[in-house]
Amino acid sequence: MGIAKYAEIYRVQLKNNWVREAVYRTNFLTAVMTDAVWICIEFSLFGVIYANISSLPGWTKPEVYFFLGMFFSSDALFTIFFQRNFWNFSDLVNKGDLDILLTKPVPPLFLALTRWMSLTACFNFLLGLIIMVRYSGPAGFEGGWHWLLVAMWLAIGLSAAVLIRFAFSIWIFWTERSFALSRLYYQFFSFATKPDGMYPRIIRYLILTALPFAFIGSVPARALLHGLPVWQYLEIFAVLGVFFIFNYTCWIIGLKRYQSASS
Amino acid sequence: MNVGSIPLLRELRWPKFQWRIAALKNGFQDATAYRVEFLLEIAGSAFVPAAIQSVLWYAMFKIGGATTVAGMTYPEMLHYTFMSILFTQIRGGDLDFELSEMVRSGQLSNYLVRPVGVVEFVWIRGIAPKALIAGLCLFIGIGFELYLGVSPFRIVGAMFLALLGNIIHYQISAALAATAFLWEEAYSMLMVKNMLVNFLSGELFPLNMIPERWAWVWKSTPFYLYVYGPTQFALGRWSTAEYFHQLLFAAAWLVVGWLLIRITWGLGIKRYLSLGG
């Protein structure tokens, strides 16, 4: 199947989601309100920390706020395009919703991950970008053409978020309930909300390799502000590559194990 | 004559308690039916927040070179983290979301025809596994108190305060869940509330780190009663007089919470339309 076909399917999915969200208008307000409170709380947390100390290791206050802007934007992209699909992921297997996807002439994984979108989170994406712009100067971001790199790092952050979330969700083929693993994902996700330089070596190593939550916001912000050594670029692509292979292999094995739950 | 041995008379003596005990049993069985999931949930909700807090203190003290933060040394911060994790374990879960979903989906109708209070029923079902965890935390806490050289009776008092705080939190959550009678997206109110509670309860950091000019924010809510307050008392940083003062404050909030539920659910039920057979 060619790229044009995928693009066409994606366009239709986008349209359907737009129509659905246009019907539930209050949903937009609630999503904005919830994320705005979350952003305020993260800012307050670092506000409290910096009220007690002058700097965190390697990160000044404006740099941390710049990191938060990057993290919120990256997370908002995940919310827009993927979050709902992962919420419904367990139903694909438990309730047999996967049956319908398997009968379509499109790879079921593509449909499983792109069917639902939360377009209301666009506002939060913009809010994240505004925060980045606001703190870019005080944080020492060079600006100019470097803003183009933001797009690349957002794509890396989004890829990391999708691959990690998928690695936590795929076990539904082997377990009856995915609630605890999802909860565990969100617990570990807290590691993404702080700059990686703060962590002791072992945890830092963990969030840069086996659980690469640092790729969502922290590493991109560090790369934009201070640059990265070449080996770290290689490491990022190696880790994401391994996750991709692992996830895809598990998906294939899981599909073979899947038994239709519907009549 | 032993009245309890005659089923009918036993029924007459304990009708109000029987459904509560049944709900407790049911909640416990439901939570532990999937044992691996139950254990994963406990592990996730204990170790990850503890690790994140510890990391924060590590960054501030060990890497950042601070000697005291908000009057607390590095070991004191770690003690706070460890003790606070014990109290956060008895949090009531997502019961408020369950209530709002019942209203939204119409499942509430099943409870309206039964002689049970739905708000209380959901709480009892949810608290069952937490009671087990609270017992375990109490046991661990006593060991920790002995290690610190603080009276182990303090942990008992602290756990009691944490349970009261938990009830108050649930009361406020249940009142907020009643917005589901008016509004499809009531869950977002609960999500916002949860985020505020995380911040204002002392789960993320000791609340005395908040600058004095902002201290009124956390002091004017009851949420500190179920993590920060119990932790302070258990670590010997609150006097007994202060503890009893806070108990009175908790009692006042319990009354407010009870009134809130009566009003919000009373008004909500009047608006409730049950569809379907």
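Each chain gets a letter, A, B and so on, in the order its sequence line appears, and its residues count up from 1. Atom set for the values below is all heavy atoms of this structure, side chains included, hydrogens, waters and symmetry mates excluded.
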Trainee: Just checking, is any N or O donor in the side chain of B:Y228 or B:Q232 under 3.5 Å from an acceptor N or O on the other one?
Mentor: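 There is such a pair between these side chains.
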Trainee: If we define contacts as heavy-atom pairs under 4.5 Å, which of B:L56, B:N198, B:T68 has the most with chain A?
Mentor: B:L56
Trainee: Using heavy-atom distances under 4.5 Å, tell me whether A:I41 contacts chain B through its side chain, its backbone, both, or neither.
Mentor: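 For A:I41, the contact with chain B is made by backbone and side chain together.
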Trainee: Verify the ring-centre separation between A:Y65 and A:F43: is it less than 6.0 angstrom?
Mentor: yes
Trainee: Measure distances from B:W214 to the heavy atoms of chain A and classify the residue's part below 4.5 Å as side chain, backbone, both or neither.
Mentor: neither
Trainee: Any ion pair linking B:E98 and B:R125 (charged N to carboxylate O, less than 4.0 Å)?
Mentor: yes
Trainee: If you tally heavy-atom pairs under 4.5 Å against chain B, which of A:I49, A:N52, A:V37 wins?
Mentor: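 Option with the greatest count: A:N52.
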Trainee: Taking the six-membered ring of A:Y185 as reference, does the cationic atom of A:R165 (NZ for Lys, CZ for Arg) lie under 6.0 Å from its centre and within 45° of its axis?
Mentor: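 Judged by the rule, A:R165 and A:Y185 form a cation-pi pair.
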Trainee: Tell me whether the count of non-hydrogen atoms from other residues, nucleotides or ligands lying under 6.0 Å of OH in A:Y186 goes above 12.
Mentor: yes
Trainee: Below 4.5 Å, heavy-atom pairs only: which of B:A66, B:A51, B:S54, B:A59 has the largest tally toward chain A?
Mentor: B:A59
Trainee: Could you check which of A:G197, A:G47, A:C40, A:S44 has the highest count of heavy-atom pairs closer than 4.5 Å to chain B?
Mentor: A:S44
Trainee: List the steps and the verdict of ring pair (Phe, Tyr, Trp, His ring centres under 6.0 Å) for B:F181 and B:W265.
Mentor: CA-CA 9 Å; B:F181 287 110; B:W265 280 77; 5.2 Å; yes
Trainee: Check the side chains of A:S218 and A:K194 for a donor-acceptor pair under 3.5 angstrom, ignoring hydrogens and angles.
Mentor: no
Trainee: I need the contact set between residues 202-211 of chain B and chain A: heavy-atom distance under 4.5 Å, sorted by residue number.
Mentor: B:L204, B:F205, B:M209, B:I210, B:P211
Trainee: Taking the six-membered ring for Trp, are B:F82 and B:F144 ring centroids under 6.0 Å apart?
Mentor: yes
Trainee: Before we go on, tell me: are the rings of A:W38 and A:F71 under 6.0 Å apart, centre to centre?
Mentor: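 Under 6.0 Å, so yes.
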